[in-house]
Amino acid sequence: MQLNPAQQAAVEHRGSPLLVLAGAGTGKTRVITHRVAALMDEGVPPWRILAVTFTNKAAAEMRARMEKMCEGKVDVSQLWVGTFHSISARILRRHGESVGLSRNFAIYDTDDQTRLMKRVFKELNRDEDQVKPRAILGHLDQLKNRGLTISQVEQLGLEGFMTRLVALLGRRYEELLRAADAADFGDLLVLAVKLLEKAGTEQPRPGAQLVDVDPVIGLKRRFLHVVVDEYQDTNPVQARLVELLSGRAQLCVVGDDDQAIYGWRGADVSQILGFPDQRPGCELIRLEQNYRSTGHILRCADAIIRRNEGRLGKTLWSELGDGSLVTLRACEDEREEARFVVNEILDALNEDIPAEEIAVFYRTHAQSRVIEQQLTDRGMRYAIFGGLGFFERKEIKDTLAYLRLLQNPNSDLDFTRIVNEPARGIGDTTVGRLTALAANRNVSLLTIARAPEEAGVSGAAAKRLHAFVAMIDELAARLHAGVPLGQLATEVLERTGYRDALVHEGSDEAEARVENLDEFVGALTDFVQEHPDQTLADYLEQVSLVADADGGGRGEVRAVRLMTIHSAKGLEFEKVILTGMEEKVFPHSRVIAGEDAAREEGRRLRPEERAQIEEERRLAYVAVTRAKRQLVITWAKRRRLYNQEFIGTPSRFVRDLPPDSVRGRVPGVVRREAMAVPQGLSLPSAPPRAPAPVRESSWNSDIVYDEGVAAPARRGPAAVGGDAPALYKGMAVRHRQYGEGTLVGWDGTGSNVKLAINFPGVGVKTILARFCEPL
DNA sequence: GGTGAACCTCTTTTT
DNA sequence: GAGGTTCACC
């Protein structure tokens, strides 16, 4: 296929910065690969080209495509292709000494971070009930995303409980990280930036030779071309990193403001919006011809995204024709939804759509369970993207912790993780004593464990510790003797008794874990074979940066894909089934809460609240534009989620769909949001009925549906007449004695429903529903 | 002092 | 439904 004129221009532009605004499905990846290939054709050495992607998956795909394109002509392995994090890690591995990291530093994932922060809480005597360790880490990460250090925040003099707490705990957390020779995800970016910024600031000594020049300076001058994908999702540090690495380079960024979905992670859309203005001579090229989706799908996408304000604006068009209508389906509950999803999958398979071209999307991981269950029941294979990956399983993390500890004796976190795993009689009290002395002397736990008596550990516990240390030393000696990694892992699992402990447990679960361990050893062996020159540190890095386990080729290739919409970014499928399209599921309740609060307080939305809702809308846009030929959208009138029953109203995004492009009636105006209903409240499976007239004095008058879509909550407490009360917080209610009040909650079932009502001047009263009437 | 069983809470999205 | 925490028992 030929490139279209806009794509061609983006491939060929040289000389000044370039922004490619690429709508969904407009051939963005093609442009990037062609551009890089063209550069190499022109004689730019591959090692002087840097391509940054957002996910490892995208990086791998790009590399693969490039290899295919340049077969034999150029050594593609010389290209720098990777995510921001992997590129930073690579730089720090080589030059990280000056920012306090050795060659073998560890990368801590979210789980490691939490464990470390919990330790800080304990050490500084902080109560986890007031502020959660994760919350502190969240704030800390936001700082890092913006490129701020704790000292800078303190200098800003931002007073406030949270700021002070973050500073206090964060500082100690960082100290412990450095002491353990480790970096978290945020550090990778921040430290790489710090390293690059520092380089070249010191005046060269008189008479310095070329060999004395800081190699990091070379890195800043190295690249002649830098291409950044998904630029709309970069945060300020990432943008800074790009800046620093393209000192000499021509910079080309590619992205789509309508697909910015990582604001919550510190990404800043204004960076792509403002890109041309900040760079003189910057060229802007729009890609608007969509090659992916058929007309009805595109129209649905446009109907959703056009309601956002503050976008650069693009109109996608396609030559693929209208295609089939988008299916919209109202389901009774999440189980029926799951059954429907499976039937849709079967239909697609019968139409000879390959399984891996069928995807099921949901807003949150929690929604996947019901669908997985249904797929399993019907004997269908599926592959989950994201979520708890292979490398996040306990047994794998434990094994990795052993390996990391062998590699890096300072890694206290790994020490505490496995010192009593499997149980070997070294409990909390003992570890507590070690930790106290270790903190006091500022040495590692393993060091203290060598002489536990000094920490006040005696008798049996001390003996066990000696044995443990001896075992670790032995294994570490094996590592340094150059035993192949697969072999080393096997020895670790044998020698530590980890494997035996699982085997003896005998449960199905334990058996599965043993299988996972075998698989892990196998993967490690494969890795060594494929990359004979790489070390354990290299392997560990790869593992910690690859979030999902799809790269392992572990069988599930020909399977239906299940994933959150976030992980669907950048992918495309013949058939997409978008589930859970209800208010409070999608858009997520956390976001709607802002709207509710604003309504209650009678004020307009704050900018950040509005921004969150617009981000959800962009997420919906991303979901819809993943579909090539078939799109199915489902919502459930009832849903059990988080062990709670919800009544569902169709998502606003569903209501925005153009009726002419949809099979199945698009729900009409819904003026009240979905709400949680206490378990046990009987909910209807009544056939669709004509909607109740608006503002009729009946409990559900606030929900109006078009004919053809069943209204939820038709039946309810018998006492209130034929029609059911659709209860919602904030609802106006009258009581004979207390007068008018607002509903704040309810409890009970049937005719025993009790309402909690707030009466002005009286306070909250609990009253049986039948003594109240809706207003 | 350590271990296991019963109870409790908390649920967005990812490198 | 999973993870953590508390408690009672070895």
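Sequence lines set the chain letters: A, B, ... in the order given, protein chains first and strands last, and positions in each chain run from 1.
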Please determine whether a side-chain nitrogen or oxygen atom of [X] lies at a distance below 4.0 Å from atom OP1 or OP2 of [N].
X	N	answer
A:His566	B:dT12	no
A:Thr430	B:dG1	no
A:Thr110	B:dT14	no
A:Arg590	B:dT12	yes

Under 5.5 Å between ring centres and under 30° between planes: true for A:Tyr262 and the base of B:dT14? no
Does the side-chain ring of A:His588 sit on the six-membered ring of the B:dT13 base, less than 5.5 Å centre to centre and under 30° in tilt?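 Ring-base stacking flag not set for A:His588 and B:dT13.
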Over how many whole Å does the gap from A:Gln113 atom CD to B:dT14 atom C1' extend?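 Distance, rounded to whole Å: 12 Å.
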Consider the side chain of A:Thr564, meaning its heavy atoms from C-beta on, and name the nucleotide among B:dT13, C:dT5, B:dT15 that approaches it most closely.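 Nearest nucleotide to the side chain: B:dT13.
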From C-beta outward on A:Thr429, which listed nucleotide comes closest to its side chain: B:dT14, B:dT15, B:dG2? B:dG2
Contacts of A:Ala523 that satisfy side chain to side chain contact (heavy atoms under 4.5 Å, CB included) - sequence neighbours left out: A:Tyr539
If you take all heavy atoms of A:Asp181 and A:Asn104, which pair is closest and at what distance? OD2-C, 4.2 Å
Give [X] one of three labels, base, sugar-phosphate or nothing, depending on what nucleic acid heavy atoms sit under 4.0 Å from its own.
X	result
A:Asn420	sugar-phosphate
A:Phe84	nothing
A:Arg369	sugar-phosphate
A:Ala423	sugar-phosphate

For A:Arg93 and A:Phe105, indicate whether the former's side chain and the latter's backbone hold a donor-acceptor pair under 3.5 Å.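 Yes, the answer is positive, given that a donor and an acceptor are paired below the 3.5 Å cut-off.
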Base of B:dT13, side chain of A:Arg363 - is there a donor-acceptor contact under 3.5 Å?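 Yes, the side chain and the base share a sub-3.5 Å donor-acceptor pair.
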Nearest-nucleotide 5' precedence on DNA chain B, A:Glu615 against A:Arg464: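 Nearest nucleotide further toward 5': that of A:Arg464.
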Looking at A:Phe54, is A:Lys569 sitting on its ring face, NZ or CZ under 6.0 Å from the six-membered ring centre and within 45 degrees of the normal?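 Yes, A:Lys569 lies over the aromatic ring of A:Phe54.
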Which pairs of donor and acceptor atoms, one on a side chain in residues 142-149 of chain A, lie under 3.5 Å apart (sequence neighbours left out)?
{"unit_1": "A:Gln142", "atom_1": "NE2", "unit_2": "A:Trp264", "atom_2": "O", "d": "3.0"}
{"unit_1": "A:Lys144", "atom_1": "NZ", "unit_2": "A:Glu174", "atom_2": "OE2", "d": "2.9"}
{"unit_1": "A:Lys144", "atom_1": "NZ", "unit_2": "A:Asp184", "atom_2": "OD1", "d": "3.2"}
{"unit_1": "A:Lys144", "atom_1": "NZ", "unit_2": "A:Asp184", "atom_2": "OD2", "d": "2.8"}
{"unit_1": "A:Lys144", "atom_1": "NZ", "unit_2": "A:Asp187", "atom_2": "OD1", "d": "2.8"}
{"unit_1": "A:Asn145", "atom_1": "OD1", "unit_2": "A:Asn235", "atom_2": "ND2", "d": "3.2"}
{"unit_1": "A:Asn145", "atom_1": "ND2", "unit_2": "A:Asp141", "atom_2": "O", "d": "3.3"}
{"unit_1": "A:Asn145", "atom_1": "ND2", "unit_2": "A:Arg265", "atom_2": "O", "d": "2.6"}
{"unit_1": "A:Thr149", "atom_1": "OG1", "unit_2": "A:Gln152", "atom_2": "N", "d": "3.2"}
{"unit_1": "A:Thr149", "atom_1": "OG1", "unit_2": "A:Gln152", "atom_2": "OE1", "d": "3.3"}

